[in-house]
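Sequence positions, counted from 1, serve as the residue numbers for this chain. Worth saying up front: this structure is predicted, and the values here are computed from it rather than measured. First listed ligand is number 1; within each ligand, the first listed atom is number 1.
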Amino acid sequence: MILVTGGAGFIGSNFVLDWLACGDEPVVNVDKLTYAGNLANLASLEGDSRHIFIQADIGDAELIGQLLRQHKVRAVVNFAAESHVDRSISGPAAFVATNVNGTFNLLEAVRAYWGELESAAQAAFRFLHVSTDEVYGTLDREAPAFTETHPYQPNSPYSASKAASDHLVRAYHHTYGLPVLTTNCSNNYGPYHFPEKLIPLCIQNALAGEPLPIYGDGQQVRDWLYVSDHCAAIRRVLEAGSCGEVYNVGGWNEKTNIEVVQALCSLLDELAPRADSRSYAEQIRYVQDRPGHDRRYAIDAGKLQRELGWRPAETFDSGIRKTVQWYLANPQWVADVTSGAYRDWVASHYQSTP
Ligand code: NAD
Ligand code: TYD
């Protein structure tokens, strides 16, 4: 049995679905169900005894300890986090509460449980911490991509809180010998992506006839990875990664934001043309930039390829087409998650943008 945290969010739910599609080892899924957690992502697992869902906070060390013991968990995969940079700018407290204090309490629960295991089970146990390339800070246009030894230079409350959690995980290995693994991944996209993030937001707004908001000059660069490739990387690291090691995960797909949005518009023009036959690109609007906006992220995933043989299966073209097709096929999912709270966020966040 493995225990996954944040398994009702975007990447966590994709991971749980893929995990149970690839094998029969059951999953205890602990998720607080914040605005970003959505049980509809897991609807296909209804009645599946291999999936046990528990609504709880990762900071509830007592409950986590009980679950670890009750289910004799052999590995924890920690996805739970506050994950949206813009929300971390307007309300950083939740990021410190979950990403820093929550991860600390989770580590304490895991350390206590792991300490009680007999030596073979201790040696086999893994705590895999899912983190982000944003902890490394920003890169100049020509600078080499982030490797695992790049210094930590987080620039947003989100990335600073994730960096803090990475440091705690590292310290629990160094000090207590806890068998940890850390993955630092670039921007994911794919099914079940909450429409506050660039790609699903633009798909949703395009179809609704709303503006497609591009921050600043739109020349910021991100590396994009299709979510199922990230899930495969995590499975591989869990299976064969060396304890205490960090693995960068990326798609070898650097794109400017405007390139990404233009690619979305072209696909939508092909797959769901506007009634007036004009391009969705006409809805693009340049808006006020994000404060402290990192200019470029780029991931060197060479270590993961060399040591564990992982490479992404999707190109950007194949992944983005699958993503647009998924959103077109699942309008009800989008309608369900874009509730009143979502509309309040969009109204307040984009109100000042022309
Ligand atoms: P998400 O916001 O979609 O999902 C987060 C999930 O965690 C939600 O289901 C939420 O309910 C749950 N959660 C939040 N606080 C919790 C708490 N205190 N206790 C229990 N559950 C809680 O995020 P995501 O995009 O799926 O990201 C998952 C992880 O991957 C995060 O740790 C994030 O930092 C990391 N990551 C994300 C990306 C990306 O592009 N989305 C890239 C690299 C790394
Ligand atoms: P986002 O999806 O929020 O991910 P992250 O900030 O973690 O990289 O944003 C991706 C890029 O898109 C980032 O450079 C900010 C930009 N962006 C916009 O230009 N407009 C938007 O409305 C949003 C949400 C993001």
Visitor: If you measure every N or O of Phe79 against every N or O of ligand 1, does any of those distances drop under 3.5 Å?
Guide: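 N/O-N/O distance under 3.5 Å: yes.
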Visitor: Would Lys162 count as a polar contact of ligand 1, with the cut-off being nitrogen or oxygen pairs under 3.5 Å?
Guide: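 Yes; at least one N/O pair falls below 3.5 Å.
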Visitor: Out of Gly6, Ala81, Gly59, who gets a non-hydrogen atom closest to atom 14 (C) of ligand 1?
Guide: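 That would be Ala81.
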Visitor: Ser83 and Lys197: side-chain donor and acceptor closer than 3.5 Å?
Guide: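 Checked: Ser83/Lys197 side chains pair up, N/O donor to acceptor below 3.5 Å.
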Visitor: Side chains of Tyr136 and Asp294: is there a donor and an acceptor less than 3.5 Å apart?
Guide: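 Absent: no donor and acceptor within the cut-off.
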Visitor: Just checking, is any N or O donor in the side chain of Gln283 or Arg274 under 3.5 Å from an acceptor N or O on the other one?
Guide: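 The answer is yes; a qualifying pair exists.
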Visitor: Considering distance alone, does some N or O of Thr98 sit under 3.5 Å from an N or O of ligand 1?
Guide: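 Yes - when backbone and side-chain N and O of Thr98 are compared with those of ligand 1, one distance drops under 3.5 Å.
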Visitor: Please report the shortest heavy-atom distance between Asp300 and Glu148, naming the atom on each side.
Guide: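 Reported closest heavy-atom pair: O-OE2, 4.3 Å.
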Visitor: Just which atoms of ligand 2 are under 4.0 Å from any heavy atom in His293?
Guide: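 Reading through ligand 2 atom by atom, the close ones are 13 (C), 14 (O), 15 (C).
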Visitor: For atom 4 (O) of ligand 1, tell me which residue out of Ser165, Gly9, Gly250 has the closest non-hydrogen atom.
Guide: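 Among Ser165, Gly9, Gly250, the closest heavy atom to atom 4 (O) of ligand 1 comes from Gly9.
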Visitor: Taking distance alone, with N or O pairs closer than 3.5 Å, would you say Asn78 contacts ligand 1?
Guide: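 In fact, backbone or side chain, Asn78 has no N or O that close.
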Visitor: Applying a heavy-atom cut-off of 4.0 Å, say which part of His230 lies close to ligand 1: side chain, backbone, both or neither.
Guide: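 Neither part.
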Visitor: Heavy-atom contacts under 4.0 Å between Leu198 and ligand 2: side chain, backbone, both, or neither?
Guide: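 It is both parts that get close, each with some atom under 4.0 Å.
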Visitor: Any non-hydrogen atom of Phe194 lying under 4.0 Å from ligand 1?
Guide: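 No; Phe194 lies far enough from ligand 1 that no heavy-atom distance drops under 4.0 Å.
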Visitor: Which atoms from ligand 2 have a heavy atom of Ile214 less than 4.0 Å away?
Guide: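 Selected atoms, number and element: 19 (O).
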Visitor: Can you list the atoms of ligand 1 that are under 4.0 Å from a heavy atom of Val130?
Guide: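 The atoms of ligand 1 under 4.0 Å from a heavy atom of Val130 are 30 (O), 32 (O).
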Visitor: Examine ligand 1 and decide if any of its atoms is less than 4.0 Å from a heavy atom belonging to Ala8.
Guide: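 Checking ligand 1 against Ala8, which is what was asked, there is a heavy-atom contact under 4.0 Å.
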Visitor: With heavy-atom distances below 4.0 Å as the criterion, list the atoms of ligand 1 near Thr34.
Guide: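 Near Thr34, meaning under 4.0 Å from one of its heavy atoms, ligand 1 has 10 (C), 11 (O), 14 (C), 15 (N).
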Visitor: Distance to 0.1 Å, residue and atom name: give those for the protein heavy atom nearest to atom 25 (O) of ligand 1.
Guide: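 For this ligand atom, the closest protein heavy atom is Phe10 CD2, 3.7 Å.
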Visitor: Please report the shortest heavy-atom distance between Phe146 and Asp133, naming the atom on each side.
Guide: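 Residues Phe146 and Asp133, closest heavy atoms: CE1-O, 3.8 Å.
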Visitor: Please answer whether the main-chain N or O of Glu46 pairs with a side-chain N or O of Asp48 as donor and acceptor at a distance below 3.5 Å.
Guide: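 No; judged by distance alone, with no hydrogens or angles, the pair does not exist.
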Visitor: Check whether NZ of the Lys or CZ of the Arg Lys303 lies under 6.0 Å from the centre of the six-membered ring of Tyr247 and within 45 degrees of that ring's axis.
Guide: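 Checked: cation-pi criterion met.
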Visitor: Angle between ring planes, Phe316 versus Tyr189, binned at 30° and 60°: parallel, tilted or perpendicular?
Guide: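 Tilted, since the angle between the ring planes falls between 30° and 60°.
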Visitor: State the atoms of ligand 2, each with its element, that fall below the 4.0 Å cut-off from a heavy-atom position in Glu134.
Guide: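 That gives atoms 5 (P), 7 (O), 8 (O) of ligand 2.
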Visitor: With backbone taken as N, CA, C and O and side chain as the heavy atoms from C-beta onward, which portion of Asn187 lies under 4.0 Å from ligand 2: side chain, backbone, both, or neither?
Guide: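 Side chain only; the backbone of Asn187 stays clear of ligand 2.
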Visitor: State, to 0.1 Å, how close Arg290 and Ile89 come at their nearest heavy-atom pair, and which atoms those are.
Guide: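 Distance-wise, the nearest heavy atoms are CG-CD1, 3.7 Å.
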Visitor: Looking at ligand 1, does any of its N/O atoms fall within less than 3.5 Å of an N/O of Tyr158?
Guide: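 Indeed, backbone or side chain, Tyr158 has an N or O that close.
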Visitor: Quick one: does Gly7 get a heavy atom under 4.0 Å from ligand 1?
Guide: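 It does not, in that no heavy atom of Gly7 comes within the 4.0 Å cut-off of ligand 1.
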Visitor: Report the part of Trp224 (side chain from C-beta onward, or backbone N, CA, C, O) that has a heavy atom under 4.0 Å from ligand 1; answer both or neither where that applies.
Guide: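 It is neither part, as no heavy atom is under 4.0 Å.
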Visitor: On a heavy-atom basis, which atom in Leu3 and which in Val73 lie closest, and how many Å separate them?
Guide: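 Heavy atoms of Leu3 and Val73 come nearest at N-CG1, 3.7 Å.
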Visitor: Can you sort out which atoms of ligand 1 are near Ala80, meaning under 4.0 Å from one of its heavy atoms?
Guide: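 Under 4.0 Å from Ala80, ligand 1 has these atoms: 7 (O), 20 (C), 21 (N), 22 (C).
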Visitor: Would you mind telling me if ligand 1 is within reach of the side chain of Leu33, the backbone, both or neither, using heavy atoms under 4.0 Å?
Guide: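 It is the backbone that touches ligand 1; the side chain stays farther off.
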Visitor: Ligand 2 and Pro213, any nitrogen or oxygen pair closer than 3.5 angstrom?
Guide: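 For ligand 2, there is an N or O atom that lies under 3.5 Å from one belonging to Pro213.
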Visitor: Should the proximity of Ser131 to ligand 1, defined as any heavy atom under 4.0 Å, be assigned to the side chain, the backbone, both, or neither?
Guide: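 It is the backbone that touches ligand 1; the side chain stays farther off.
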Visitor: Name the option, out of His84, Arg285, Arg290, Arg296, that contains the heavy atom nearest to atom 9 (O) of ligand 2.
Guide: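 Heavy atom nearest to atom 9 (O) of ligand 2 belongs to Arg290.
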Visitor: Under 4.0 Å from a heavy atom of Leu201: give me the atoms of ligand 2 that qualify, with their elements.
Guide: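 The list of qualifying atoms is 22 (O).
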Visitor: Just checking, any donor-acceptor pair under 3.5 angstrom between side chains of Glu108 and Tyr172?
Guide: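 Looking only at side-chain atoms, Tyr172 and Glu108 do form a donor-acceptor pair, the distance falling under 3.5 Å.
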Visitor: I need the atoms of ligand 1 closer than 4.0 Å to a non-hydrogen atom of Asn187, numbered in the order shown.
Guide: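 What qualifies from ligand 1 is 40 (O).
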Visitor: Tell me if the centroids of the rings in His230 and Trp310 come within less than 6.0 Å of each other.
Guide: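 No, they do not, as the ring centres are separated by 6.0 Å or more.
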Visitor: Which bit of Tyr350 is near ligand 2, meaning a heavy atom under 4.0 Å away: side chain, backbone, both or neither?
Guide: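 It is the side chain that touches ligand 2; the backbone stays farther off.
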Visitor: Report the part of Ala97 (side chain from C-beta onward, or backbone N, CA, C, O) that has a heavy atom under 4.0 Å from ligand 1; answer both or neither where that applies.
Guide: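 For Ala97, there is no contact with ligand 1 at all, from either part.
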Visitor: With no hydrogens and no angle check, is any side-chain donor or acceptor of Trp252 less than 3.5 Å from a backbone partner on Leu225?
Guide: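 Such a contact is absent between Trp252 side chain and Leu225 backbone.
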Visitor: Determine the sole option in Tyr327, Phe10, Trp326, Phe15 for which the ring pair (Phe, Tyr, Trp, His ring centres under 6.0 Å) test with Tyr192 is passed.
Guide: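 Result: among Tyr327, Phe10, Trp326, Phe15, Trp326 is the only option passing the ring pair (Phe, Tyr, Trp, His ring centres under 6.0 Å) with Tyr192.
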Visitor: Is Glu196 touching ligand 2 with its side chain, its backbone, both, or neither, if touching means heavy atoms under 4.0 Å apart?
Guide: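 For Glu196, only backbone atoms sit under 4.0 Å from ligand 2.
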Visitor: Please state which protein non-hydrogen atom is closest to atom 40 (O) of ligand 1 and give its distance, to 0.1 Å?
Guide: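 Of every protein heavy atom, Asn188 N, 2.8 Å lies nearest to atom 40 (O) of ligand 1.
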Visitor: Is the closest N or O pair between Trp224 and ligand 2 shorter than 3.5 Å?
Guide: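 Such a contact does not occur with ligand 2.
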Visitor: At less than 4.0 angstrom from any non-hydrogen atom of Cys185, what atoms of ligand 1 do you find?
Guide: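 That gives atoms 42 (C), 43 (C) of ligand 1.
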Visitor: Please work out which of the three classes, parallel, tilted or perpendicular, describes the rings of His167 and Tyr152, given edges at 30° and 60°.
Guide: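 Tyr152 vs His167 ring planes: tilted.
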Visitor: For atom 16 (C) of ligand 2, what is the closest protein heavy atom, and at what distance to 0.1 Å?
Guide: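 Nearest protein contact, heavy atoms only, for atom 16 (C) of ligand 2 is Asn257 ND2, 3.4 Å.
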Visitor: Measure from NZ or CZ of Arg87 to the centre of the six-membered ring of Tyr35, then state whether that distance is under 6.0 Å and the direction lies within 45° of the axis.
Guide: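 Here Arg87 passes the 6.0 Å and 45° test against Tyr35.
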Visitor: Could you say whether the N/O atoms of Lys197 and ligand 2 ever approach to under 3.5 Å?
Guide: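 There is no such contact.
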Visitor: Check each of Tyr297, Tyr215, Tyr158, Tyr189 against atom 19 (O) of ligand 2 and report the one with the nearest heavy atom.
Guide: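 Selected option, by shortest heavy-atom distance: Tyr215.
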Visitor: Nearest 0.5 angstrom please: Ile234 CD1 to Asn14 CG, how far?
Guide: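 Answer for the CD1-CG pair, Ile234 versus Asn14, is 10.0 Å.
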Visitor: Give the contacting part of Ile199 toward ligand 2: side chain, backbone, both or neither, where contact means a heavy-atom distance below 4.0 Å.
Guide: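 None of Ile199 does.
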Visitor: Hey, are Asp86 and Trp345 close enough side-chain-wise for a donor-acceptor pair under 3.5 Å?
Guide: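 No, because no side-chain N or O of Trp345 sits under 3.5 Å from a partner of the opposite role on Asp86.
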Visitor: Using every non-hydrogen atom in the two residues, find where Leu181 and Leu238 come nearest and quote the distance to one decimal.
Guide: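 Looks like CD1-CA, 4.0 Å.
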Visitor: If you take all heavy atoms of Lys162 and Ser131, which pair is closest and at what distance?
Guide: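 Distance-wise, the nearest heavy atoms are CE-OG, 3.7 Å.
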Visitor: Please check this pair: side chain of Asp31 against backbone of Gln55, looking for a donor-acceptor N/O pair closer than 3.5 Å.
Guide: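 Side chain of Asp31 to backbone of Gln55: no pair is present.
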Visitor: Heavy atom to atom 1 (P) of ligand 1, shortest distance: which of Gly37, Gly12, Gly190, Ser83 holds it?
Guide: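 That would be Ser83.
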Visitor: Would you mind running through ligand 1 and noting each atom that sits below 4.0 Å from a heavy atom of Ala56?
Guide: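 Those of ligand 1 that fall under 4.0 Å from Ala56 are 19 (N), 20 (C).
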Visitor: Answer with yes or no whether the side chains of His129 and Ser165 bring together a donor and an acceptor at under 3.5 Å.
Guide: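 Indeed, the side chains of Ser165 and His129 share at least one donor-acceptor pair under 3.5 Å.
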